[in-house]
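To start, the structure itself, in structure tokens.
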Protein chains: 2
Amino acid sequence: MQDSAGIGMAASVGPCASIPADHMDFIRQVLDRVGDKWSMLIIAVLEGGPTRYTDLQRQIPGISQRMLTHTLHQLTEDGLISRTAYAEVPPRVEYALVPLGGGLNEIVKQLIGWAADHHDEIRANRSRAGTTASSASRS
Amino acid sequence: MQDSAGIGMAASVGPCASIPADHMDFIRQVLDRVGDKWSMLIIAVLEGGPTRYTDLQRQIPGISQRMLTHTLHQLTEDGLISRTAYAEVPPRVEYALVPLGGGLNEIVKQLIGWAADHHDEIRANRSRAGTTASSASRS
DNA sequence: CAGCATCCGTAACGATACTG
DNA sequence: CAGTATCGTTACGGATGCTG
């Protein structure tokens, strides 16, 4: 943990704060839940109102029952969405966003907006990949 | 894409927009890049200013060289961060956020803020897991 | 110091089949 | 309709050793 300064060091440590390390845990916690392959998609779809199982499956093309059920279960356990089962003859279950999940959805929407706004730029950069090699000389 | 209504349907489609399916691709693209295990941490650390390889490794406890290098490479390719190599006797390389990555960082910070604000609530909900079984009768 | 190459374990994910 | 259970594949991610 001690600062091993080999040569010049004297680097611009500045505020030094960066990440308090306390937050690192939070980020990972949230990311493991929201950052997986389907959670955000489900949350985004649920924004359009209560949706039932099969509708979810139809609105999210590539998802499998396994993942849909699994992700739905996790989101429900975390209290981000609610599950309501109607005891009807043809079983019906509706999933909906709860306030907590709604708050997260706001951030997800921003992320989606950002993605939609810059995705072509990112793809362009990804193509150039390694072209812009900036070499600075500094004895 | 056509609406196959099994039984009652007539569900509250409302705006029906939900996700234009066009965006689904964007979300996944961004999530696969940002939603992995380390990208966000690196971006968050980089917010504190240009940082060099070993400093990054020291500020992110659990990361391995493989993942650090790999993630750094991807972020650089996407144009989210910049890589500057100084041709000095002891090699020095500094990574820094570029405007594009900075914009994403703003969203990331919100996500971190949300996580820090609700992580205990989520953990609490996760513990109850399955206690609040709401069954609605309707037939 | 910065980075790459290789091996290997884990678990995330998808496809299929079966149940209430 | 709404799930559960099992299996196989793949990739993610970590440890180690070597190069410039």
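From a predicted model like this one, the values you see are computed outputs, not experimental measurements. Chain letters run A, B, ... following the sequence lines, proteins first and then strands; every chain starts at 1.
Nucleotide C:dC13 holds its P atom 13 Å from the CG atom of B:Asp36, rounded to whole Å. For B:Asp32 and D:dT10, the CG to P distance is 18 Å, given to the nearest whole Å. Rounded to an integer number of Å, the gap from CD of A:Gln65 to P of C:dT19 is 16 Å. If you take NE2 of A:His73 and C1' of D:dG3, they are 11 Å apart, rounded to a whole angstrom. What separates CD of A:Gln74 from P of D:dT4 is a distance of 13 Å, to the nearest Å. Put simply, NE2 on B:His70 is 15 Å from C1' on C:dT6, counting in whole angstrom units. Between the P atom of D:dC12 and the CZ atom of B:Arg66 lies a distance of 9 Å, rounded to the nearest Å. D:dC12 atom C1' lies 16 Å from atom CG of B:Leu68, rounded to whole Å.
Note on B:Arg92: every side-chain N or O is 4.0 Å or more away from OP1 and OP2 of C:dA2. For A:Tyr95, a side-chain nitrogen or oxygen approaches OP1 or OP2 of D:dG3 to under 4.0 Å.
Rounding to the nearest 0.5 Å places CG of B:Leu72 at 5.5 Å from CG of B:Leu56.
Comment: A:Arg83 does not engage A:Glu94 in a salt bridge, judged by the lack of any side-chain N to carboxylate O separation of less than 4.0 angstrom.
Between C:dA2, D:dG3, D:dG14, one nucleotide has an atom nearer to the side chain of B:Trp38 than all others, and that is D:dG14. Of all nucleotides listed (D:dC1, C:dA15, D:dG14), D:dG14 comes nearest to the side chain of B:Lys37. Side chain of A:Arg52, nearest nucleotide from D:dA2, D:dG13, D:dG20: D:dA2. Nearest to the side-chain atoms of A:Ser64 among the listed nucleotides C:dA15, C:dC4, C:dA2 stands C:dA15. With D:dG14, C:dC13, C:dA2 as the choices, the nucleotide that has an atom nearest any side-chain atom of A:Met67 turns out to be C:dC13.
The side-chain contact (heavy atoms from CB on, under 4.5 Å) test with A:Leu111 singles out one residue from B:Leu111, B:Val108, B:Ile107, and that residue is B:Ile107.
Judged as a ring-ring contact (aromatic ring centres under 6.0 Å, His included), and not counting sequence neighbours, A:Trp38 has no contacts. Taking A:His119 as the reference, A:Arg123, B:Phe26 meet the side-chain contact (heavy atoms from CB on, under 4.5 Å) condition, with sequence neighbours excluded.
Residue-level contact check: A:Thr69 touches the bases, meaning some heavy atom is under 4.0 Å from a base atom.
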